[in-house]
Structure formats: structure tokens, C-alpha cells
Amino acid sequence: MLDDAGVEAVFERFATADPDPDWSPKGPRDPFKTLVGVVLSARTQGVNTEKAARQLFALADTPGALAALPLPEIAARIVPAGLYNQKAKGLKAMAEALVRDHGGRVPGTREGLMDLPGVGRKSADIVLRFALRHPVCAVDTHVFRVSRRLGLAASPTPDKVADELARRTPERFGMGAHLWLFRHGRDVCRGRRPRCVACLLEDLCEKNGVRDAV
DNA sequence: ATCCCGAGGG
DNA sequence: CCCTCTGGAT
């Protein structure tokens, strides 16, 4: 676990490499599409998720339209995402809940989002962060993994890591810190084959040389 | 064989 | 904390 100076050094390094992190997600800004995207993404690689999402949105891109879609139609469109039967049921149930309980609109609070079937803390925060642009430190699997590998946060659950990051990240880095971690986990500090040779933090990393740990 | 933007249940 | 779900790419 890095001390405060170590944490500072990590974010300073990010800030030097990317002074103005204006990165915006490639995915949709529409809350509904973001929501469907995260549900599709479970246990699936990003490329396949995007393909599945495109095919589904061509047929239904609103909660009402999705709720009205027959189950087999949904399943057929999202095959590339894998687990399509299970996910089709989940998506339909989610769409129905949106229509039934939320007037066919995606709720704008964490509580409202988590109230939906198939939506947990991670998915809710991702919608808040990337679609609704709230200053929420969404700790998805990328941010979680990077935080632990680097020693920024040692907590065992994403929830606690979020708290720890919020407490330890110097104020001046703001949400940029979150974007750096997110991107770094996706592109460099990957789960399976981390690209340690391409890592700008290699000398600061506690897991340097361990690679597949955590 | 094993991993992948995760939720829900025990 | 553990486990299951169980498709598709590597």
C-alpha cells in the first residue's frame, strides 16, 4: 500500500502524461443506452458488447420499445455478447420496470437505478458518471484492479475502494484522476495480460514484476 | 482451459 | 466471504 506521497506521485505522473483529460467514453451518452451497455457487458469483451448493443438499438432504443419486444427478438440481437438468454430476460425485465415504475425514463439517482433488476452499484455509478456526467467515482472492475495493483487502495471491495480513493486522491486532480485510472486499467493495466512494458508507472508500481497478481 | 466493462443469492 | 449464470474470443 502506497503512502500519501506515493499516491501523489502516481497521479502526478498521470497528470504529466495527460494534463487535460478530456476523454469522453466512446459509448452512448443516452442513459438508457449506457444502462443496456453495462448489462450486456457482464462477462463479455467490449468489442462483442458494442456489436450486440448496435444490433439491439437498431430495433429498440427506448425503454418502451425494448419492453414491448418479444424475448426471442431481444436474444437474437445480443448473441455476440454471450449469455444471451439470461441477458435477454434481464434486459426485458429492466425495461418493464422502467416503464412500470419510472414512467419509461431512466432514473437519475443511484437509488433509483439500483432499484432496477440487473442493476447494481457498479452499473448505477457508470450511468451516473458517463451518461449523466455526475462527479461520481465509479469503481468498475478496471478502476478496482488498477487501484489495488498500484497500491492506491487496498480495500477488498469496490465499494470500499471508492471511499478510499475519494479520501486519498488529492483534490486538485479531481475527476481527471478517475478517468486516468479507468483508461489505464482498460488499455494498459489489463486483467489478463497487463502491458507492463508500456506502463508509465512501472517504477512506482508495487506489483511491478508480479504482473498477474490481484 | 480460462478470461471478459457484473448481479444476485446463499 | 463464497458460488452460479454458462456465450464467445483467445
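Residue numbers begin at 1 in each chain, while the letters A, B, ... track the order of the sequences.
- Remark: A/Ser155 OG to A/Asp163 CG distance equals 7.5 Å, nearest 0.5 Å.
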Give the dot-bracket string for DNA chain B, reading 5' to 3', where a pair is Watson-Crick or G-U wobble with both distances under 3.5 Å, ( ) marks pairs inside the strand, [ ] marks pairs crossing earlier ones, | marks a partner on another strand, and . marks unpaired.
-> ||||.|||||
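- Here the separation of C/dC3 from B/dC3, taken at their P atoms, is 14 Å to the nearest Å.
- Of all nucleotides in DNA chain B, those with any atom nearer than 4.0 Å to a heavy atom of chain A start and finish, going 5' to 3', at B/dC3 to B/dG8.
- Nucleic acid contact for A/Val39: none, since no nucleic acid atom lies under 4.0 Å from a heavy atom of the residue.
- Using a 4.0 Å heavy-atom cutoff across all strands shown, A/Thr141 reaches sugar-phosphate atoms only and no base atom.
- Under the 6.0 Å cut-off for aromatic ring centres, A/Phe182 and A/Phe144 do not qualify, their centroids lying 6.0 Å or more apart.
- Expressed to the nearest 0.5 Å, how far CG of A/Leu150 lies from SG of A/Cys199 amounts to 7.0 Å.
- A donor-acceptor pair under 3.5 Å is absent between the side-chain atoms of A/Asp4 and the main chain of A/Val7, judged by distance alone.
- Rounding to the nearest 0.5 Å gives a distance of 12.0 Å between CZ of A/Arg121 and CG of A/Leu113.
- A side-chain hydrogen bond (donor to acceptor under 3.5 Å, both in side chains) check over residues 87-110 of chain A, counting only residues at least two apart or in different chains, returns the pairs A/Thr44-A/Lys87, A/Arg110-A/Asp125.
- In this view, A/Leu200 and A/Arg13, A/Phe14, A/Ala17, A/His184 satisfy the side-chain contact (heavy atoms from CB on, under 4.5 Å) rule, not counting sequence neighbours.
- Residues of residues 115-128 of chain A that place a heavy atom closer than 4.0 Å to DNA chain C do not occur.
- Atom NZ in A/Lys51 sits 14.0 Å away from atom CG in A/Leu56 (nearest 0.5 Å).
- When the C1' atom is compared between C/dC1 and B/dC5, the two are found 24 Å apart, to the nearest whole Å.
- Scanning all heavy atoms of the two residues, the minimum distance from A/Leu35 to A/Val38 falls at O-CG2, 3.0 Å.
- The distance from atom CD of A/Glu73 to atom CG of A/Leu66, rounded to the nearest 0.5 Å, is 11.5 Å.
- A/Asp61 contributes atom CG, which lies 5.0 Å from atom NZ of A/Lys33 (distance to the nearest 0.5 angstrom).
- Running 5' to 3' along DNA chain C, contacts with non-hydrogen atoms of chain A at under 4.0 Å begin and end at C/dC1 to C/dA9.
- When all heavy atoms of A/Glu164 and A/Leu152 are compared, the closest pair comes out as OE2-O, 4.2 Å.
- Put simply, the side chain of A/Val136 does not reach to within 4.5 Å of the side chain of A/Ile126, judged on heavy atoms.
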